[in-house]
Number of protein chains: 2
Amino acid sequence: MQIPSGATVLQEPIVETLGREIVDGVLAPGDRLTLDALQSRFGVSRTVMRDCMRVLESLRLVYAKRRIGLVVQESRFWNAYDRRVIRWRLSGPGRERQFTELTELRVAVEPLAAAGAARRAPSQAREEIVSLAAQLRRLGEEGDLEGFLAVDIAFHALLLRASGNSMFAELDGVVAEVLSGRTHQGMMPFHPREKALAEHEAVAAAVAAADGPGAERHMQVLVDEVRAALEDRLHDGQLPD
Amino acid sequence: MQIPSGATVLQEPIVETLGREIVDGVLAPGDRLTLDALQSRFGVSRTVMRDCMRVLESLRLVYAKRRIGLVVQESRFWNAYDRRVIRWRLSGPGRERQFTELTELRVAVEPLAAAGAARRAPSQAREEIVSLAAQLRRLGEEGDLEGFLAVDIAFHALLLRASGNSMFAELDGVVAEVLSGRTHQGMMPFHPREKALAEHEAVAAAVAAADGPGAERHMQVLVDEVRAALEDRLHDGQLPD
DNA sequence: CCGGGCATAAGGTGTTATCTTTTATTCAGC
DNA sequence: GCTGAATAAAAGATAACACCTTATGCCCGG
């Protein structure tokens with residue numbers, strides 16, 4: 001309309017903007033939006049606006065009612081596992097909370113994923129996991145934090161994907177976020193320790209040996225450390241609701 | 001178009017149909033669809049068809065490319081945690097597989113969710129959990145399977161929602177599906193046993209007493225039984241990929 | 001005979017206008 | 001004051017078009 005355009009970038013930065021506003025609470029649950037208002041706000045046509053709202057609806061951030069408009073949903077209805085929602089929650093005021101929740105999820109899932117990988121991974125993945133554990137030791141001993149992080153993410157992500165459970169596999173991005181947040185935002189001070197290195201190797205060895213219980217046990221040791229840190233940070237206050 | 005029709009129900013049975021076809025493999029990854037073909041297939045306008053595809057795109061079942069059309073995605077890209085995708089997978093040829101995966105997820109998550117509820121649940125929820133456990137005993141001893149199932153679902157769902165972790169809370173529907181599948185489809189023969197009843201009560205008592213480790217331990221016992229059954233059913237074959 | 005560049009057209013993306021349908025609100029009547 | 005019908009706001013749906021990207025295939029030169 002105003003923009004005669006030129007470059008045909010997709011008009012889904014709108015989804016990004018609105019999604020973030022809802023997740024950040026700029027738009028509160030119960031707030032009403034209308035297509036007319038939105039299309040003039042963003043300077044796009046009705047069709048584009050509809051497309052955007054359809055996506056937000058699919059994420060359950062809003063729902064549409066005739067004669068009312070688009071109503072912002074309460075957070076408990078949101079598709080908490082959608083990548084975009086996770087990303088938005090991680091970059092707003094709720095960052096700490098989301099980070100804690102994702103970490104807790106990771107703690108719950110990784111041991112079973114390791115067991116699954118040990119039982120079901122294809123042999124190529126087993127080899128790769130062993131190789132990643134070896135690289136982890138090298139980088140850890142060299143003190144290369146960035147390199148360590150990258151390989152650590154690859155290690156955990158591969159384990160999830162090789163677990164043979166698509167629900168676990170889908171969490172690879174979550175683990176990447178949590179590990180990288182831990183290193184970068186210093187939300188959890190991170191020092192690769194001898195014990196952690198040894199446990200990574202033990203997990204890899206167990207996976208290579210198709211030793212499900214062993215892989216699970218060693219992964220449990222790894223996440224238990226994370227968990228201890230988590231419970232320190234937590235206030236453990238009762239929830240208001 | 002053809003259907004002037006009275007009721008203007010939303011034209012999203014189309015999403016349902018296409019989603020199911022993709023999940024069931026009727027439409028294989030890499031298959032190309034065009035808006036034109038689809039709009040004449042379903043007898044709707046281009047706009048409606050676009051809305052539908054936008055939703056499927058948001059579920060990552062397809063992606064759109066110019067000059068190509070809409071391409072069906074490989075299953076590893078699907079939003080595995082979206083309710084619709086879960087539902088579709090549970091009602092098609094992949095049912096067994098999905099059921100197993102959801103059960104494994106549940107086994108991973110519920111112990112930590114119980115611990116979370118013990119530490120963070122509001123007092124009203126604690127009382128309700130104790131009450132549900134008592135009802136469970138009564139119904140179990142009476143042999144009322146349907147009633148037992150309903151309360152069992154309520155028990156586990158409440159625990160997840162009261163865990164204080166929205167990622168766990170979102171899985172309430174998953175647990176409902178798994179429990180109800182176990183009872184109905186006989187995918188896992190189900191007999192409420194004394195031990196299970198006692199463990200449910202123990203979990204409830206621990207939650208009421210804000211005993212995180214206790215709630216976790218008892219829930220672990222409950223899911224370990226499920227897990228044993230799971231591993232019997234599993235072929236444990238290596239994955240092809 | 002083969003490879004690179006250019007033309008073509010297919011098909012998604014975006015715009016505008018118009019009609020239909022639902023339904024919250026309002027206002028009148030009992 | 002409550003019920004019910006009229007009103008209108010806003011989403012749902014359709015249609016026709018302009019635009020831009022890009023897969024594909026043709027053509028020409030080496």
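Below, chains carry the letters A, B, ... as their sequence lines are ordered, and counting in each starts from 1.
- Residue A/Arg66 has its side chain nearest to C/dT23 when only C/dT23, C/dG12, C/dG14 are considered.
- In the model, B/Ser58 has no side-chain atom that pairs as donor or acceptor with a side-chain atom of A/Arg54 under 3.5 Å.
- Taking atom CE on A/Met53 and atom C1' on D/dG12, their separation rounds to 15 Å, with Å as the unit.
- Checking the phosphate oxygens (OP1, OP2) of C/dT13, a side-chain nitrogen or oxygen of B/Arg54 falls inside 4.0 Å.
- Applying the 4.0 Å criterion to OP1 and OP2 of D/dA23, one finds that B/Lys65 has a side-chain N or O inside that range.
- The OH-C1' distance, from A/Tyr63 to D/dG12, rounds to 18 Å in whole Å.
- Using a 4.0 Å heavy-atom cutoff across all strands shown, A/Leu38 reaches no nucleic acid atom at all.
- For the ring pair (Phe, Tyr, Trp, His ring centres under 6.0 Å) test, residues two or more places apart in sequence or in another chain that qualify with A/His200 are A/Phe155, A/His156.
- Residue-to-nucleotide proximity on DNA chain C shows that, of A/Ile68 and A/Asp51, the 5′-proximal contact is made by A/Asp51.
- Scanning atom types as modelled, one donor and one acceptor separated by under 3.5 angstrom connect the side chain of A/Arg50 and the base of D/dA13.
- One atom, CG of A/Leu33, and another, C1' of D/dA11, lie 13 Å apart when rounded to the nearest Å.
- Distance from the side chain of A/Arg32 is smallest for C/dT25 among the nucleotides D/dG12, C/dT25, D/dT14.
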What side-chain donor-acceptor pairs closer than 3.5 Å can you find for residues 27-36 of chain A, not counting sequence neighbours?
| from | atom 1 | to | atom 2 | distance (Å) |
| --- | --- | --- | --- | --- |
| A/Asp31 | OD2 | A/Ala28 | N | 3.0 |
| A/Thr34 | OG1 | A/Ala37 | N | 3.1 |
| A/Asp36 | OD1 | A/Gln39 | NE2 | 3.2 |

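- The CE atom of B/Met49 sits 16 Å away from the P atom of D/dG12 (whole-angstrom rounding).
- Considering B/Leu179, B/Val178, B/Asp172 in turn, B/Leu179 is the only one that fulfils the side-chain contact (heavy atoms from CB on, under 4.5 Å) rule with B/Val175.
- Rounded to an integer number of Å, the gap from CZ of B/Arg46 to P of C/dT15 is 15 Å.
- A donor atom on one side chain and an acceptor atom on the other are found under 3.5 Å apart for B/Arg89 and A/Ser166.
- If you check D/dA23, D/dT14, C/dA24 against the side chain of B/Arg67, the one that comes closest is D/dA23.
- Note on A/Thr34: only backbone sugar-phosphate atoms sit closer than 4.0 angstrom, heavy atoms only; bases stay farther off.
- Of the two residues contacting DNA chain D, namely A/Thr47 and A/Asp36, the nearest-nucleotide position lying further toward the 5' end is that of A/Asp36.
- In this entry the distance linking CG of B/Leu35 with C1' of C/dA10 reads 12 Å, nearest Å.
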